[in-house]
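Let me begin by presenting the structure, written as C-alpha cells, before commenting on it.
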Amino acid sequence: MPEVRPALAEQFDSLEQQHEAATLGIWTFLATEVLFFGGLFTAYVVYRFLYPQAFAEASHHTNLLYGTVNTAVLLTSSLTMALAVQAAQEGRNRALVRCLAATIVLGIGFLLVKGLEYREHFAHHLVPGAQFALTAKPKTELFFWLYFTMTGLHGIHVLAGIGVLSVLAFMSSRLNFSSEYYTPVEMGGLYWHFVDIVWVFLYPLLYLINRHL
Amino acid sequence: MNATETAPCADVAPEYGHESENYLHQHTIKSWLLTTDHKRIGILYLLSIIFFFAIAAFAAAIMRLELLTPAGDLVHSDTYNKLFTIHGVLMVWFFLIPSIPAVLGNFVIPMMIGARDVAFPKLNLLSWYLFMMGGACALYSILVGGVDTGWTFYTPYSSTYSNSHVVSMAAGIFIAGFGSILTGLNFIVTVHTMRAPGLTWFRLPLFIWSLYATSLILVLATPILAITLGLMAVERLWGIGIFNPHVGGDPVLFQHLFWFYSHPAVYIMILPGMGVVSEVITCFSRKQMFGYAYVAFASLAIAFIGFLVWGHHMFVAGQSVYAGLFFSLLSFLVAIPSGIKVFNWTATLYKGSISFETPMLYSLAFIGLFSLGGLTGLFLATLSVDVHLTDTYFIVAHFHYIMVGGMVTGFMAGLHYWWPKISGRMYPEKAGQLAALVTFIGFNLTFFPQFVLGYLGMPRRYHAYPPEFQIYNVLSTAGASVLGVGYLLPVIYLIWSLKHGKIAERNPWKATGLEWKTSSPPPVHNFEETPVVGEGPYNYPRLDHEDLEHA
Amino acid sequence: MKFPILPEQASTTAVQVDYLFWFLTGLSALLMLIIFGPMIYFLFKYRRLNLVDRHLPDFPTHRIEITWSVIPLFIVLGIFVWGSSVFYSMARVPSQGLEINVVGKQWMWHIQHAEGNREINELHVPVGQTVKLTLASEDVIHSFYLPAFRIKQDVVPGRYRTEWFQATKTGTFPLYCAEYCGTFHSGMIGRVFVMSPTAYEQWLERGQPGDSLAQSGERLFRELGCSGCHMGNSTIRAPRLEGLFGKPVPLQNGTIVRADEKYIRDSILLPQLQITAGYEPLMPTFQGRLSEDQLFQIIAYIKSLGAKTPQPLP
C-alpha cells in the first residue's frame, strides 16, 4: 500500500498551511451550521415558552425508547469516529477502516430507527396535516411540525455524514493515512461530532419535556 | 526574490509574471465555466450581477415613471407591487450583497495578501454556481408572474394571503444565500492562513479588514435568513401555524428572525465600499491612512454591534417599549465607528497630494453621500421621530443614500481603480470623471426630495398618492433619468476600453499594495514566488513640494 | 403644482416630535459643515499641483481619535435620552380618553365609536381631548398612520394595539395605511376630521347609530349563545362575566392574568389557551365566526357589565 503523498494544492505554500486552512474552513462551516440550526431552535424555544402545555403533551407522544436508543447509537458512533481519527493519525489502516465502518453502520442504524419512528408517527396520526390526531390543544400540531423539520434536517446531515465517511473509507482502502497527513479523516471527524452534538440538544428538547420517569 | 520596497514613483519592470501567460489568455467557454481561478470567477460574478442589476433598474424605471403622476395610471396595482418587490429582491441579494465581495474581493484579495488564489478555489466556483442557480429560480419566479410581498416578505401576507410566486423566489434567495456563505468562508480562511510572510494583521490593507468583517457577517447571519425564508415557505405550503395568528402563530416572530439577518446584511452592503474608499483615498492623496488601527477596528465594531440593532426596524411593530429603548441605544452606538472612519478619511487628505481621477471622485462622493445617509440614520434611531418617519419615503431615501450613494458608488470607485489590473487597459479618464459627476447629480436629485416626502408623510410602497406629493415625485423621477445616464456611461466606455483603451502598465496609479506588483493583467498564478512583506500598507513617501513632479 | 415643505402640526405629540426633528436637521447640517468644510478646503489646498508646505507634524493620534469618538458619543446619547423621553410619553397611553375602535382589513379602515357610530376610512374626533384608538386587523399587518399627529402603529392580526393623540387644532388631516398589505395598499387612505366638542356631539347624534357598541355586543352575546353558559342558570359551569373586565383571573396552570381586551379576545378565539382555574375546558372556539368589529362589540358589552346582575333574558 503506497504511503500517502498528500497533494499540495497549488494555492498553498506548504502542507502545514493547507492543513491550517482545512481546519479553519471546517470550523467556520460548522459555525454556519450552528446558526442554521439555531434559527429553528429559536422558533422552537419561542413557541415552547408561549404554549408550554401543548408542547409538553405533544412531546409525550414521541417515542422515548427510540429516542434514547438513537442517542446511545450516535454517542457510540462518535466514539468509533474518534477512534478512527486516532487510528488514521497512527497509521493503523485496518483499524481505521474498521472504525469508519462501525461509525457508518451506527449512522445507518440511527437512520433506520428514525425511519421506524416516523412510520409509527404516521400510523398514530401524528404527522401534521388533515389527519392530525392531537387536536385538543392548539399548538400540538406546531410541535410536530418543528419535530419533523428539526429531526428531518438533522437526518439529512447524518446522511451527508454517512456519505462523507464512505468516501473516507474508500480513500483509506487505497492510501495509507499517517501522522503526516490524515486531514480528511480529521475534518470528517469534526463534522460527525457536530452532527452528534446537534442531536444531544434535540433529544431533551423534543423527547424529555415534562417527562416523569 | 524579495521585498516590496519599490519607490512608488520608479518605473519598475514587471518582477513577476509574463504577459503571454496572463489569466485572460484562454478563451474557451470551458475555461471560463470550469475555472477555479479567483480572477475569472470575479469576472463571472461581474457579468452576472450586471445582468440582475439591469432587470432591477428597469423595474425601478417603470416605478419612477408611474410615480410621475399621483394616479396609478401606468400599471396595475398588482404589477406595481411586483415591480418594487423584484427591484428590492434583485438589488439586495443578486446585486449588492455579491457586488464588491464576489467581484472585487474575489479578484483582489489573494493578490493583496500575496497569495496565488483563495484557500478553496473549487468552493469558490461552487459559490458562483449556487448564485446562478438561485438567480435562475428568481428569474423563473419573475417570468411566471412575479412576487408582490416586498423584499421583506412580511407574514401573514407572504405566508397566507399573497397570490404570487413566493416559494420559488424564496428558494432562489435561499440557494444564492449558500453561495454567499461559502464566499465568506473562503475569505475568512484565506485571510487567516494565506498571508504572505511578513504580512501581519496590522500590515494588511484596510480593504482586507473591511472584507474580513463583511465575511464574518456573511457566514454568521445568512444561515438565519435561510431558516427564516424556509419557515415562511413551509407555512405557505403546509400551513403549519408558526406565523399565522388565526391558529395562534405570531407574525412578529417572522420580523424578528428576518431582521436578525437583514440588519447585519446592510453592513455586508456597506463595509466593502468603505474598504475601497480606504484604498483609493490613500493612493490619490499619496498618503498614509490616518488612524489605521482605528479604521481597522471600526470595521469589526460595526460588524459586531450590527448584530444587536435589528429591532430598530420594528419600533412600531409591536415590540415592548423596553426593547425599543435597547435597540435605539445600540443603533446610536453603531454610528460611532462609522463616524470614526469618515473623520479618519478626511484627516488622511490633510497635507496630502490630491488628484481627482475617477476612483477618487467616486470615493469622495461616497464619503459625502454615506455621511448624509448615516446622519439620517440618527433620525431613525431616535424612537419618537422614527414613529413618524418609519414606513415612509424618508426610509427609502435613507437606505438609498447608503446603499446607492454609498455601496454602489464604492463599487464604481473600486471597479475603476482596479480596472487596469483586471483588463490590462485604462478606461478613458474624462469619460469616467463625467460619469461620476452625472451620477452624483442624478443621485441627489432622485433621492433628496424623498426625505422631504417622508417627513411630509408619504408612505412607501404606494402605487398612487395624494396630489400634494407630486412635485417631489417629479423631481425624483427627473433625477432618476439623469442617474440612469450616469450608470449607462461606464457600461459603454468600459466595454470600449477593452479594445481601444490605453494599455495599462503594471502600476498605473503608482499605488502601494502587492496587487500592483504583478502585471496588468496578472498572470494565472499571480506571483511566481510568494512575496515577502517588510512594511505596512500605504507607505507613500513623505511629501515636500519638490517631490510633487514624481508623485 | 403644490409645493409643501412642512406637514401640518395638529397634535401635542407633533409639537414635541418636530422640535426633535428640527434639532436633528440642524445638527446634521452642522456636522456636514464640520466634516465637509475642512474636506473641501483640503481638496482645494492640497491638490496635486499646488505647491504648499506638506510637512506633516507628529500628531497625537490616539488623543484625536478618542476626542472625535467621545464627543459624538455624548451627542448621540443626548439625542437618545431626549428621543426616548418623548417616545415614552407617546407609548404610555393615558388612562382617560375617548375610546374609539379601529379595524383594518384589506383595504379599508372600519372605525367604531363607543356610541355606535361607524365610519369607513374617516375618523371624526373632538379637538383638545385625548383620543385612544384600539387597533385590530382582520387579515394582514396594516399600519394606522396619522402624519399630522406624528403617530403610527402597526396593526397586527391576532393582537390589539393602542395609539393615542390629542388634537390641537380643528381641520381635516390625512390618514394612511403605512404597512404594505397587498394590492390596494395605497388605496387604504382616509381623513381625520377634528371638530369642536359641540360639533362632535352633534355629529354623533346626526349619525343616528341606533345601538351603541355595547348594545350591539349584547345582541351578539345572546345570538351566538354565549349567555347560555355564562349567564342565568345553566347546567354548564362557565365563569361569570359580571365585573370581570380588568380583574385578575387565576388560570389552571397556576398563573394569574388580567382580564383585558386581549384576554377576552383570546378566550373567544382560542379558548383552550388559558383555562380559568377550577373550570373544565369546554368552551368551543368562535374562530372564523366573528369579525374583528364584532369582537370589539362583545368586548364593549363585557366591559359594560359591572358588578350588578344583568336583566333576566326574555
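Chain letters run A, B, ... following the sequence lines, proteins first and then strands; every chain starts at 1. Just so it is clear, the values below take in all heavy atoms, side chains as well, and ignore hydrogens, waters and symmetry mates.
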Chain C: which of [options] shares the most heavy-atom pairs with it under 4.5 Å?
| options | value |
| --- | --- |
| B:L364, B:L378, B:T376, B:V452 | B:L364 |
| B:T155, B:I367, B:T160, B:L333 | B:I367 |
| B:G249, B:S384, B:P337, B:A293 | B:S384 |
| B:S162, B:G324, B:P466, B:A347 | B:P466 |
| B:L329, B:I340, B:V321 | B:L329 |
| B:L389, B:N344, B:V385 | B:N344 |

Under 4.5 Å from any heavy atom of chain B, what part of [X] do you find: side chain, backbone, both or neither?
| X | result |
| --- | --- |
| C:Y88 | side chain |
| C:M39 | both |
| C:Y41 | neither |
| C:Q287 | side chain |
| C:V86 | both |
| C:L269 | neither |

So [X] and [Y], would you call those rings parallel, tilted or perpendicular, with 30° and 60° as cut-offs?
| X | Y | value |
| --- | --- | --- |
| B:F469 | B:Y465 | tilted |
| C:F87 | B:F315 | tilted |
| B:F366 | B:F370 | parallel |
| C:Y176 | C:Y145 | tilted |

Quick check for you: to the nearest 0.5 Å, what is the distance between B:R461 atom CZ and B:T152 atom OG1?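 The OG1 atom of B:T152 is 4.0 Å from CZ of B:R461, to the nearest 0.5 Å.
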Side chain, backbone, both or neither: which part of [X] has an atom under 4.5 Å from a heavy atom of chain C?
| X | answer |
| --- | --- |
| B:S164 | neither |
| B:L325 | both |
| B:F243 | neither |
| B:F394 | side chain |
| B:F343 | both |
| B:A335 | neither |

Can you tell me which of [options] forms the most heavy-atom pairs within a distance under 4.5 Å of chain B?
| options | result |
| --- | --- |
| C:I34, C:I79, C:L27 | C:I79 |
| C:S89, C:C181, C:G83 | C:G83 |
| C:S85, C:C177, C:A14, C:S143 | C:C177 |
| C:R159, C:Q106, C:E8 | C:R159 |
| C:I64, C:V81, C:L43 | C:L43 |
| C:I141, C:D266, C:L146 | C:I141 |

Assess, by modelled atom type and distance only, whether the side chains of [X] and [Y] contain a donor and an acceptor separated by less than 3.5 Å.
| X | Y | answer |
| --- | --- | --- |
| B:E357 | B:S355 | yes |
| C:R191 | C:T172 | no |
| C:T13 | C:R150 | no |
| C:T183 | B:D78 | yes |
| B:Q255 | B:H313 | no |
| B:Y455 | C:D18 | yes |

Among B:Y154, B:Y462, B:Y157, which residue meets the ring pair (Phe, Tyr, Trp, His ring centres under 6.0 Å) test with C:Y180?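 Result for ring pair (Phe, Tyr, Trp, His ring centres under 6.0 Å) with C:Y180: B:Y157.
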So does B:Y540 get a backbone contact from the side chain of B:Q288, meaning a donor-acceptor N/O pair under 3.5 Å?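 No, B:Q288 side chain to B:Y540 backbone: no donor-acceptor pair under 3.5 Å.
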Establish, yes or no, whether the cationic atom of C:R265 lies under 6.0 Å from the six-membered ring centre of C:Y160 and within 45° of the ring axis.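 Output yes; distance and angle both within limits.
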